Amino acid sequence: MDAQDNNTHDRMCLLCGAGFFSDEVNAGSCKTCTEGTYQASSNQTKGSPCPSGFYQTSTGQSQCIAWTECAEGQAVEQNGTTLSDVERMN
């Protein structure tokens with residue numbers, strides 16, 4: 001066997017699952033979606049920001065959480081963001 005044969009390896013490509021992504025060719029690992037982002041599908045190249053009305057405080061998530069709705073008799077003290085729920089006035 002020559003040196004060229006020793007350097008040849010079969011490569012196994014793994015899909016990045018929901019909550020993870022890879023934005024590089026031949027990446028050594030998948031990247032984790034950060035707070036405020038999510039990825040619902042596998043085999044993706046980026047995390048998506050939570051849409052308006054939703055937030056996510058954890059990493060590696062496949063969905064965002066809906067903002068709390070203020071019931072009648074309550075008011076929003078501070079609007080939510082992609083990183084936080086709304087704050088309600090009591």
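Numbers for residues simply follow the sequence, beginning at 1. Everything quoted here is computed from the prediction, not taken from an experiment.
Closest heavy-atom contact between Gln39 and Gly47: NE2-CA, 4.3 Å.
At a threshold of 4.5 Å between non-hydrogen side-chain atoms, the residues Val76 and Arg88 do not count as touching. At least one side-chain heavy atom of Thr59 sits under 4.5 Å from a side-chain heavy atom of Glu35.
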Only distances under 3.5 Å count here; give the side-chain donor-acceptor pairs of residues 14-27 to other protein atoms, sequence neighbours excluded, each with its distance to 0.1 Å.
from  : atom 1 : to    : atom 2 : distance (Å)
Ser22 : OG     : Glu24 : O      : 3.4
Asp23 : OD1    : Lys31 : NZ     : 2.8
Asp23 : OD2    : Lys31 : NZ     : 3.3
Asn26 : OD1    : Arg11 : NH1    : 2.7

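In this structure, the separation between CD on Gln63 and OH on Tyr38 is 10.0 Å, given to the nearest 0.5 Å. Rounded to the nearest 0.5 angstrom, Ser62 OG and Gln56 CD are separated by 8.5 Å.
Under the 3.5 Å distance criterion, the side-chain polar atoms of Gln61 are left unmatched by any main-chain donor or acceptor of Ser58. Although no hydrogens or angles enter the test, the distance criterion places no donor-acceptor pair under 3.5 Å between the side chain of Glu87 and the main chain of Asn79. Distance alone, capped at 3.5 Å, places no donor-acceptor pair between the Gln44 side chain and the Lys46 backbone.
A side-chain contact (heavy atoms from CB on, under 4.5 Å) with Tyr55 is found for one member of Thr81, Thr82, Asp85, Val86 and no other, namely Asp85.
Sorted by first then second residue, the disulfide (SG to SG under 2.5 Å) pairs that include residues 35-66, not counting sequence neighbours, are Cys50-Cys64.
No continuous path of hydrophobic side-chain contacts links Trp67 to Phe54 [ILVMFWY only; heavy atoms under 4.5 Å].
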